[in-house]
Amino acid sequence: MKELPKKYDHHKVEEGKYEFWLDGGYFKSGDKTKEPYTIVIPPPNVTGKLHLGHAWDNTLQDMIIRRKRMQGYDALYLPGMDHAGIATQAKIDEKLRSQGIFRHELGREKFLEIAWDWKKEYAGHIREQWKALGVSVDYDKERFTLDEGLNKAVTEVFIHLYEKGLIYRGERIINWDVEAKTALSNIEVDHKEVQGAFYYFKYELEDGSGFLEIATTRPETMYGDTALMVHPEDDRYHEYVGKRAYIPGTDRLIPVIYDDYVDMDFGTGCVKVTPAHDPNDFEVGQRHDLPMPLCMNEDGTMNHLAHKYEGMDRFACRKACVKDLQEAGLCTKIEQITHNVGHSQRTGVVVEPRLSKQWFVKMEPLSKQAVEKSTVQFVPARFEKTFLHWMDGTFDWCISRQLWWGHRIPAWYKGDDVHVGYDAPEGDGWKQDEDVLDTWFSSALWPFSTLGWPDDTDDLKRYYPTTTMVTGYDIIFFWVARMIFQALEFTGESPFEYCLIHGLIRDADGRKMSKSLGNGVDPMDIKEEYGMDTLRYFLTTNSAPGMDLRFEIEKVESSWNFINKLWNISRFTLMNLGDFTIDDVEIDTDDLTLSDRWILARLYETINETDYNYEKFEFGEAAKSVHSFSWDDFASWYVEVSKIALQSDDEATVKRTKSILAYVLLDIMKLLHPFMPFVTEEIYQQLPHIEDSIMISPWPDAIEEFEDAQAIQDFARIQDIIKAIRNVRAEYNVAPAKPIHIVLKVTDPHAQSVLQENLAILERFTYPEAIEFVTEYSSDNELVSIILKDVEIILPLGDLVDIAQEIARLEGELRRLEGEIKRCEGMLKNPNFVSKAPDFKVQQERDKLAAYNEQHATTKARLAELK
RNA sequence: GGAGUCAUAGCUCAGCGGGAGAGCACCUGCUUCACAGGCAGGGGGUCGGGGGUUCGAAUCCCUCUGACUCCACCA
C-alpha cells in the first residue's frame, strides 16, 4: 500500500523533478509529426537576478506551453537572454570603479572581455532560476542577443534599412544621459514632475535703449543662446526686432528675431533661443540659420562658453549664475513652479537635450506599415489601442549609443565618406563607427533572429511566426511595437499570433515593487518557504489579463492550502488504491451509481470550463473551475461517498470506485499541471499512470458519455437534503453526530427512488437514528419541517423544538417564497418578456414558479398546523 | 493637453446582459478513520452618484465624482 506523508512537503516534492524532466528530454521540441506551437521568452537582461515580475511572466509562458505540449503540439519554448547595453555596462562600470578601475583606462577590447565574463556568470544564475521556476524551455535552442547569428541579423537589418533610406545619420537634439554619456531614445526618458522655477532675466540691448525680459526654467543654457525671439504679431516688441542684446553677464551679443513659434500669452512673450540644448530652439535655429553652440560637456559640466562657470556642473552653474545675476540686478524674479523634467530611465539623472550626430531610424513608413498590416491579437484587446496610438505619433528612433557593450554599428568612415556594410571597404584609412546600437534594436528582431533569420532555416520555416508572446504592458512600446514593425518589414508577417499582456507586480500596499523602495520580493525566498508550485499558482490565479497583481502573503498561503488539500485527497486515494494498477482502471458507463455518474458529469463540465478559459488566457477562471471541482465536489462529496463503497464486500463495487477515484484524480492533476508542475508530477508518479511523466501525458478529454444533467440534478437533491439537515442541527444546537430520527415525505416517484437508492449516502452525512419514508405525516408540533421541491424533511426533535422559533422560521421562509413568486409572476405577466426573451428562459421561470407555488402551499399548510 | 484603467462583502480581487461570487478576516459548533494550515454551519454588499438603451443592466452607452497609469518639446 502506497502512502504519502501527512503533510505536503514542497522541498521534497520539488527536489530532482527538473533534472528528471531534463533527462527525459521532455523540454525538447522538434517532433515533426505534430503541429508547432511556439513561445519565445522575453529575454531577461544579464544584469542581475530574476524578480517576481519575471517569475510571473515566465510562469504564464510555461503554463501555456505545458498545456499545448500535453495537447499534442510540438511545443517550442525558446529561451535566451539580452545583453542589455546600458544597464549591463553601467553595472560593470560600477564594479570596476569599486576596484578603482576606469573603463577608458582599460580600453574597449579589455572591457569587452570582462563584459563577456560577466555575461557568462549571470547567464548561469539565470539558468539556475529558470530551473527553480520550472520553466520547460528547450535549452538546445537558447540564444543570446550578442550571439554571432543574432549579430548577423542585426547587421543585415541595419544595412537593409540604410539602403532603403530608413536609417540615416544626422545632427539632431537627442536625449543625453550625462552619467552614462550616451544618447537615449525618447522612450528611455521618463518624465517626472519636479519642483522648479521660472527665472526672469534682463537681456540688455546693445544700443542702450533698454532691455528685454525673458523667463526660463534653465538659466544655465543661456550661454548657448544665439537669439531672442518674439511673435511677429506681438505689438509690444516690434521696435526691438533687428536689434541685438547681451547675454546677461557676458559681452556676447545675440539678435532679436521674429518666430511664430512663440506663444504671446505665455511668460513675457519673449523667448531665448538655445538651438543646441532644446529641440524647439533647434528648429528655430535651423529656420533662421543661427549658430548652434553647445555650452556643456558630455558629462554635464559647463564648457568655455559659460566663461567663469566653466567646469562647473550644470546645476551648480544654474545656482551660481542666478545668484550673480540677481546681485547684478539682471535676474528680476523667481517664480516657483512644478514642471515635467525628463530623467534617464537607466541612471535616473536629468536628461540633457543636446545637439549631437547620431543614427536614426525613420519611423513613419515603418509605423504606417505596422498599423496597417499587423495581425497580432492582443489579449486583452484594448492593448491594441495602446499599440496603435503610439505607432501613430512616434518620432524617429535614435539608435546609436555611446557604449561598448552592444552591436557595433556597421558603418565605416574615411573623411566625409560613409560606408555601411558587413565589412570595411577595400583600402586604408576606413574607421568603423565607435558606437553600438540601442539594445532594443536587436530585441526587436528576437522572434525571428532566434530562429535563424536572415538564413531561411528549418526552424524559421517551422516555428515562425511564433504563436504567443507574453509580456507586461510596460514594454509594449519598447519591445512589442518594434517587434511588430521589424517583423513586418523583414519577414512580411506579424511575429506572433497572440500577445498576452499582463500587468505589474505591486506590494501589499499597492506600490510598485522597486529597488529604491526596497519592497521587492525575491521569488527564491517564496520558493523556499512555500514552494514554487504555490508561487506559480498564486501568480497566475490572482489577477485578470492586463491587470496588476498585488503581492499578498495571505493569498500565497491560501495557494499553499489548496495544494495541501490536493495532496490529501491524493493521499486518501492512494491509501485506498492499494496495488491497483493502470490496467485495473475501468469505467463502464452502464454500470455506475448516481454519485459516480455525478462526479464524472461534473468532471466533464469542469474540463470544458477549464479548456474554455485556458484558451482565452483566463487562467484565474480556469483555475477557479478546477479548484471548486476538486475541493467542493471531489473532496467534500465524492471522497466521502466513496468511503461507503470502498467498505463494500462487493469486489466490483470497490473496483469501480477505485477506478473513478484514480481516474478523476488523474484528470485533476493534469488540469492543474500547467499551474503546479512539481506536485502534480509527484502525485502522477504515485497514481496508476501510463506515460513516464505527466508532462507528456495527454491532456484530459471531456468525454461526452459522462455528460449527465439528470445525475447532476438528482445528486443536487441529495445534497440539498443533507445541507438542510445540517443546517437544522446547527440552528438547534444538535450535536453533529447525535443520532436523530429523520422522516422524508416524498410524493414524487422519481425523487422517491433516487433517495431510496442512495439511502446510504444520506445516512453517511446525516447521522440518523433512522430514515423513514412516508407519503403522509400526522401533525405534531414537536418537529421541524423543511420544505424542498418534491420533498419535505421532517425532524421530530421533541423537546428541542421551539414552536415560536419554528413559526418564525417558517414565516420567514414564506416571505422568501412570496418574494420569489412575485418576481416570477412579474416577469411572466410582462408580455414583452414572454414574447422577447428566449423560450428556454421563459420556461425556466414557469418551472420555478410552479415549484415555488408548491413549496409555498406546503409551508403555509404546515404553518397553519402549528398555529 | 491627449489616451487608457479602476471604483462590487471589513481587506484583496473575480464576474461583465438573465436571480450577487472567491480567498482572507469575522461569529457558532466539531480530536468525523485524507487533511485542525481541516470539517460543518452563519453574518455581511440599494455592485461609486445620476441619466439612457433593453422584456431584463453590477454587466452595454452617456455623464458626474474620486483614485491611478501611459503618452505629450510650451520657453
Side-chain angles (χ1 to χ4, degrees), chain A residues 3-4 6-8 173 186-187 190-191 198 214-218 221 229 261-263 266-274 278-283 339-340 342 353 380 382-383 385-386 388-390 392-395 473-474 476-477 503-504 508 510 512 541-544 546-555 557-562 564-576 618 620-621 624 627-628 635-636 639-640 643 647 722-723 726-731 733-737 764-765 767 820 823-824 827 830-838 841-842 844-845 848:
Chain A
E3 193 166 341
L4 296 177
K6 194 166 176 179
K7 261 187 189 163
Y8 158 58
I173 298 284
N186 287 359
I187 50 174
D190 292 333
H191 293 272
F198 253 143
I214 62 98
T216 178
T217 53
R218 305 178 61 220
T221 63
M229 61 177 168
Y261 167 73
V262 179
D263 177 353
F266 192 85
T268 61
C270 180
V271 187
K272 72 197 235 353
V273 184
T274 323
D278 183 283
N280 296 310
D281 292 4
F282 173 72
E283 282 176 27
H339 61 152
N340 278 320
R382 71 183 133 89
F383 287 105
K385 267 188 220 160
T386 311
L388 293 175
H389 187 248
W390 187 71
D392 206 28
T394 189
F395 288 79
Y473 60 66
D474 52 329
I476 291 178
F477 303 143
L504 260 36
K512 239 188 242 183
T541 59
N542 280 286
S543 90
M547 294 289 120
D548 290 347
L549 172 61
R550 209 178 276 226
F551 188 88
E552 288 178 297
I553 205 69
E554 293 82 4
K555 288 189 186 171
E557 280 167 359
S558 111
S559 299
W560 191 95
N561 289 347
F562 177 46
N564 188 238
K565 188 73 185 179
L566 293 168
W567 185 260
N568 272 291
I569 58 180
S570 306
R571 189 166 167 259
F572 168 84
T573 302
L574 287 166
M575 280 171 71
N576 286 289
E618 293 274 3
E621 293 299 298
K624 196 190 264 183
H627 182 278
S628 85
S636 297
V639 161
E640 285 309 313
K643 288 174 183 171
Q647 282 158 11
I722 292 167
K723 284 179 194 164
R726 281 173 171 171
N727 198 317
V728 171
R729 290 187 99 110
E731 219 171 304
N733 267 323
V734 183
R764 174 97 201 169
F765 285 88
Y767 302 95
E820 299 290 8
R823 191 188 143 273
C824 286
M827 285 175 87
N830 182 341
N832 286 322
F833 174 72
V834 181
S835 61
K836 290 186 181 172
K841 202 73 212 164
V842 177
Q844 225 172 51
E845 289 306 318
K848 280 189 212 166

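Throughout, a chain's letter reflects where its sequence line sits, starting with A, and its residues are numbered from 1.
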Undergrad: Round to the nearest Å and state the distance from A:D548 atom CG to B:A7 atom C1'.
TA: 15 Å
Undergrad: Begin with the C-alpha distance, continue with both residues' side-chain angles, and end with the deciding distance and a verdict on side chain to side chain contact (heavy atoms under 4.5 Å, CB included) for A:E283 and A:Y261.
TA: CA-CA 10 Å; A:E283 282 176 27; A:Y261 167 73; over 6 Å; no
Undergrad: What's the CZ-C1' distance between A:R823 and B:C55, to the nearest Å?
TA: 13 Å
Undergrad: If a protein heavy atom is under 4.0 Å from the base, mark B; if only from the sugar-phosphate, S; if neither, -; do that for nucleotides 32-38 of chain B going 5' to 3'.
TA: --BBSBS
Undergrad: Got a second to check how far A:D474's CG is from A:K512's NZ, nearest 0.5 Å?
TA: 7.5 Å
Undergrad: What is the distance from atom CG of A:D190 to atom CG of A:N340, rounded to the nearest 0.5 Å?
TA: 11.0 Å
Undergrad: When we call it a touch if two heavy atoms are under 4.0 Å apart, what does A:P353 touch: a base, just sugar-phosphate, or nothing?
TA: nothing
Undergrad: Where does the angle between the aromatic ring planes of A:W390 and A:F477 fall among parallel (under 30°), tilted (30 to 60°) and perpendicular (over 60°)?
TA: parallel
Undergrad: If you look at every strand shown and take non-hydrogen atoms under 4.0 Å, does A:R382 touch a base, only sugar-phosphate, or nothing?
TA: sugar-phosphate
Undergrad: Taking atom NZ of A:K565 and atom CD1 of A:I569, what is their separation to the nearest 0.5 Å?
TA: 8.0 Å
Undergrad: Of A:E731 and A:H339, whose nearest nucleotide on RNA chain B comes first from the 5' end?
TA: A:E731
Undergrad: Among B:C70, B:U5, B:A75, which is the nearest nucleotide to the side chain of A:F198?
TA: B:A75
Undergrad: Rounded to whole Å, please give me the gap between CG in A:L504 and P in B:U5.
TA: 17 Å
Undergrad: Examine the side chains of A:T221 and A:K272 and answer whether a donor and an acceptor come within less than 3.5 Å of each other.
TA: yes
Undergrad: Indicate, with a heavy-atom threshold strictly under 4.0 Å, whether A:N340 touches base, sugar-phosphate, or nothing.
TA: base
Undergrad: How far, in whole Å, is B:G43 from B:G4 if one measures between their P atoms?
TA: 43 Å
Undergrad: Could you work out which one of B:A75, B:C55, B:G41 sits closest to the side chain of A:F266?
TA: B:A75
Undergrad: Base, sugar-phosphate, or nothing for A:N830, non-hydrogen atoms under 4.0 angstrom?
TA: sugar-phosphate
Undergrad: For A:L388 and B:G2, what is the distance between atoms CG and C1' respectively, to the nearest whole Å?
TA: 16 Å
Undergrad: By nearest atom, which of the nucleotides B:A40, B:G15, B:C55 is closest to the A:R726 side chain?
TA: B:A40
Undergrad: I want to confirm an ordering. Mapping A:H627 and A:S543 to their closest nucleotides on RNA chain B, which one lands closer to the 5' end?
TA: A:S543
Undergrad: OH of A:Y261 versus C1' of B:A75: gap in Å, rounded?
TA: 6 Å
Undergrad: For the pair made of NZ in A:K512 and C1' in B:U69, what is the distance, rounded to whole Å?
TA: 8 Å
Undergrad: What is the distance from CZ of A:R218 to P of B:A75, rounded to the nearest Å?
TA: 11 Å
Undergrad: Rounded to the nearest 0.5 Å, what separation is found between the CD atom of A:E618 and the NZ atom of A:K624?
TA: 10.0 Å
Undergrad: How far, in whole Å, is B:U53 from B:C62 if one measures between their P atoms?
TA: 15 Å
Undergrad: Can you figure out which of B:G41, B:G15, B:C55 approaches the side chain of A:N727 most closely?
TA: B:G41
Undergrad: Could you give the distance separating B:A75 and B:C6 at their C1' atoms, to the nearest angstrom?
TA: 36 Å
Undergrad: Have a look at A:V834 and say if it touches a base, only the backbone sugar-phosphate, or nothing, with a 4.0 Å heavy-atom cut-off.
TA: nothing
Undergrad: What's the closest nucleotide to the side chain of A:K723 if the choices are B:U12, B:G41, B:C73?
TA: B:G41
Undergrad: Are any of the side-chain heavy atoms of A:F198 and A:H339 separated by less than 4.5 Å?
TA: no
Undergrad: Quick one: CD1 on A:I476 to CD1 on A:I187, what's the gap to the nearest 0.5 Å?
TA: 11.5 Å
Undergrad: Between B:C61 and B:A14, how far is it from one C1' atom to the other, in whole Å?
TA: 24 Å
Undergrad: Applying a 4.0 Å non-hydrogen cut-off, can you work out what A:T386 is touching in the nucleic acid: base, sugar-phosphate, or nothing?
TA: nothing
Undergrad: Quick check: do A:N830 and A:M827 have side-chain heavy atoms less than 4.5 Å from each other?
TA: no
Undergrad: Roughly, in whole Å, what's the span from CG in A:D263 to P in B:C73?
TA: 17 Å
Undergrad: Quantified in whole Å, what is the P atom distance between nucleotide B:C26 and nucleotide B:G10?
TA: 15 Å
Undergrad: Is A:F383 touching bases, backbone alone, or none of the nucleic acid, heavy atoms closer than 4.0 Å?
TA: nothing
Undergrad: Quick one: does A:D281's side chain get under 4.5 Å of A:M229's, heavy atoms only?
TA: yes
Undergrad: Can you tell me how the ring of A:F383 sits relative to the ring of A:Y473, calling it parallel under 30°, perpendicular over 60° and tilted otherwise?
TA: parallel
Undergrad: Given the rule that a pair is Watson-Crick or G-U wobble with both distances under 3.5 Å, how would you write RNA chain B in dot-bracket, using | for pairs to a different strand?
TA: ((((((((.[[[[.)..(..]]]].(((((.......))))).....[[[[[..)....]]]]])))))))....
Undergrad: Say you pick atom C1' in B:A9 and the same atom in B:U5; how far apart are they, in whole Å?
TA: 23 Å
Undergrad: Which of these nucleotides, B:A75, B:G18, B:G15, is closest to any side-chain atom of A:A837?
TA: B:G18
Undergrad: Expressed as a whole number of Å, how far does the C1' atom of B:C47 sit from that of B:G15?
TA: 11 Å
Undergrad: Can you tell me, in whole Å, how much space there is between the C1' of B:G17 and that of B:U28?
TA: 39 Å
